[in-house]
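One structure below.
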Amino acid sequence: MRRLLALLSAFFCVAPFLWLALTALRPPEELTRLGVPSRLSVSSFVSALRDQPLPRALLNGLLVSACTTVFAVAIGSLAAFSLARLRPPGRDAILAGALSVSMFPPIATVGPLYVLLRALGLLDHWAGLIIPYTTFSLPLAMFLLTRAFEDIPEELWRAARVDGCSPLQALWRVHLPLAAPAIATTALLVFIAAWNELLYALTFLSSPERRTVPVAIALFSSEHAEPWGEIAAASTIATLPLVVLALIFQKRIVTGLTAGAVKG
Amino acid sequence: MIELERLTRTFDGRGGVRDVDLTVDDGEMIAIVGPSGCGKSTLLSLIVGLDAPTSGALRIDGRDATRLDPKQRGVALVFQSYALYPHFDVRRNIAFPLEIDRVGKAEIDARVRATAERLAIAHLLDRKPKQLSGGERQRVALARAIVRRPRVCLFDEPLSNLDPALRAQMRVEIRALHRELGATFVWVTHDQAEAMTLADRVVVLREGRVRQVGPPREIYARPVDTFVASFFGAPAINLMEGDTLGVRPEHVTVARSGDGVQGRVVLVEPLGAETWVTVDGGGARITGRGDPELTTGDAVVARWEASDVLRFDERGARVEGPAVVDAPP
C-alpha cells in the first residue's frame with residue numbers, strides 16, 4: 001500500500017515532464033495529436049538547438065544562475081552562521097524579516113526594481129539580474145543554513161573557539177564542512193529558482209544575446225508560428241542540467257555526517 | 001596562576017555564579033564540585049573565555065584576561081561530550097589547535113605523534129571519531145587539549161560518560177599526566193569521590209556561590225555547613241537533632257547490645273571490606289559500621305564517641321564543638 005502511494009505520487013510528479021519529453025520526441029506532423037506517437041523523432045531537438053538561440057541562452061542561464069548561487073550561499077552562510085552561533089540581539093526578528101521579504105510577489109516588485117536598476121545603469125546587464133536574484137534567494141538560504149548550523153552540536157563551536165579559531169575560522173573549518181548536505185540542498189534550490197526565473201529576466205534584459213533560457217523559450221513563438229515541438233524540446237534540454245545537478249548533489253545529501261562528534 | 005576576583009555572571013533565569021573569589025596556583029590541581037546547576041560549567045566558560053562575566057575580574061598569570069578572546073588566553077578545555085570534529089581523523093583532531101596557531105608542519109607532526117604515543121592512541125591516528133570507543137574518544141580529546149602545552153587545562157566532567165572501571169583508570173592517568181606536565185588543572189565534577197581522589201584543593205559551589213575551599217581532608221573533616229558535610233562522604237553523614245548534630249558513618253558502631261541509641265535494623269549493605277548497617281532509632285536513621293550477620297528487624301544499639309560529633313547551628317553553619325578528629329577521606 002505504501003509502495004503504491006509512493007509510486008502514484010512519483011508518477012504524479014513525473015507525468016508532466018514525461019508528457020513534455022514525449023511531445024519533444026513526436027514527429028512534427030503528429031504534434032497536435034494525443035496518444036502514443038507512431039514513431040520517435042529528434043527533429044524538434046535539432047531545430048531547437050540549430051534554428052533557435054538556445055545554446056547561447058543555456059550559457060547565459062548557467063552564468064547567471066551560477067553567480068546567483070555562489071553569492072546567495074556565500075552571503076547566506078555568513079548571515080546564517082551569525083544568527084545561529086553569535087546570537088545577535090533581535091535574531092528572530094531578523095530571520096522573520098528576511099523571510100517576509102521573500103513573500104512579496106515578483107510582479108509587485110518588478111516595477112520599482114526596473115526604476116532602481118535604470119537609475120543604477122544596470123538594465124540589460126548580468127548584474128541587473130544577479131543582484132535581484134541573490135536578494136530574493138537569500139531569505140531561503142539564510143533560513144535553511146541557520147537551521148543547518150543550529151543542528152551542529154554547540155560544543156563543536158565551543159571546541160573550535162577554545163582551539164583558537166576566530167568565528168570565521170570556526171565557520172570555514174568546522175561548520176561549513178559539517179553543513180555540506182544543507183549547503184548542497186540550498187545551492188540546488190537557489191540554482192533552480194534562478195535558472196527558471198522568467199519575469200525579471202524578460203523585463204530587465206533587452207539584448208537578444210543576453211537572454212536566459214525561459215526568456216528564449218518564451219520568445220520562440222512568433223506571429224506566424226507556435227513551434228510546440230521546439231518549445232518542448234528546449235524545455236526538456238533546459239531541465240536536464242537541473243536533473244544532473246540533483247543527482248550529483250543527492251550523493252552529498254547524506255545523513256550521519258555529524259556522527260561521532262559528541263558521545264554517541 | 002589564575003585569579004578570580006568577585007567574578008559574577010548572571011543569566012535572566014536561574015544559574016550563573018556570584019562573587020567568586022579564588023586563586024589557583026601554578027601547577028595546582030583544583031576540583032570544582034557541586035550539584036547540577038550550581039554554576040560549575042559557567043565558571044569554566046568564564047575562565048576559558050567562552051563567556052564574559054557580568055562583573056568582576058579574571059587574571060591569568062597576572063594579566064587581565066576578563067575580556068580576552070579564548071585564543072589569547074592559552075587555556076585548554078576538555079569537554080564532557082569530548083566534542084571531537086567528526087569530519088577530521090584523529091590526527092587532524094589533535095593537530096587542529098596547532099594548525100590554527102600556524103605551527104610548522106614538521107613540528108605539528110612531531111608533537112601530534114609524541115602526544116598520541118604518550119596517551120597510547122598512536123595506532124588510532126588515521127581513524128575517524130565515530131570509529132572510536134568512548135574511552136578512546138576521551139583520550140583524543142585529552143590529546144587535543146595538551147598538544148598545545150597549555151599552562152592551564154580545564155576539564156568539564158570529562159569522565160562522566162565512561163564506565164566505572166575506565167573512570168578509575170583515567171583518574172590515575174590524568175593525575176600522572178598532571179605531575180608530568182606541571183600545568184594547572186581545573187577539574188569540574190559532581191562526583192565527590194573524584195574530587196577527593198584527584199585534587200590538591202576542592203572548591204565547593206552551591207547556587208553559584210563558593211561555600212568552601214580547601215584540601216579534601218579538611219573539607220571532609222571540617223565542613224563549613226551541613227550542605228558541604230552531606231555532599232562529601234559515602235555513605236552520607238548522619239544528621240540528627242534537627243540537623244544540629246552530625247556524625248560520619250565510619251565513626252558509628254552498630255552492635256547487638258551496649259550503650260547508645262536503641263533501634264531496629266532497616267538496611268544491611270555488605271561491601272566486603274565494610275558492612276554498613278542503617279538503624280531506625282526512633283525517628284532518626286543512623287548508618288554505621290556493623291556485623292554482616294545482622295538482618296533487617298534485629299534490635300541493635302548505635303553508638304559513637306562525642307569527639308567525632310560535628311555541631312551545626314539552626315541555619316546549618318558548623319560551630320566549633322569538642323575537638324574534631326582528622327578523619328581519612
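To find a chain, count down the sequence lines: A is the first, B the second, and so on, and within it residues start at 1.
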*Could you tell me which portion of V78(B) (side chain, backbone, both or neither) has an atom closer than 4.5 angstrom to a non-hydrogen atom of chain A?*
neither
*Determine whether the side chains of D64(B) and T66(B) contain a donor N or O and an acceptor N or O closer than 3.5 Å.*
yes
*Between E117(B) and R113(B), is there a side-chain N and carboxylate O pair less than 4.0 Å apart?*
yes
*Listed by residue number, which members of residues 165-174 of chain A have a heavy atom under 4.5 Å from any heavy atom of chain B?*
C165(A), Q169(A), R173(A), V174(A)
_Once you measure the plane-to-plane angle for Y200(A) and F204(A), does it fall in the parallel (<30°), tilted (30-60°) or perpendicular (>60°) bin?_
parallel
_Exercise: identify the closest heavy-atom pair between L95(A) and L83(A)_ = CD1-CD1, 3.5 Å
*Does any heavy atom of chain A fall under 4.5 Å from the side chain of L77(B), the backbone, both, or neither of them?*
both
*Close aromatic pair by centroid cut-off 6.0 Å: W126(A) and Y133(A)*: no
*Would R92(B) count as a cation-pi partner of F96(B), with NZ or CZ less than 6.0 Å from the six-membered ring centre and within 45° of the ring normal?*
no
*Would you call the rings of F149(A) and F81(A) parallel, tilted or perpendicular if under 30° counts as parallel and over 60° as perpendicular?*
perpendicular
*Go through the atoms of R148(B) and report whether side chain, backbone, both or neither lie under 4.5 Å from a heavy atom of chain A.*
side chain
*In terms of the angle between their ring planes, are Y85(B) and H87(B) parallel, tilted or perpendicular, with boundaries placed at 30° and 60°?*
perpendicular
*If you tally heavy-atom pairs under 4.5 Å against chain A, which of S45(B), A141(B), P70(B), A145(B) wins?*
P70(B)
*Segment of R102(B) engaging chain A (4.5 angstrom heavy-atom cut-off)*: neither
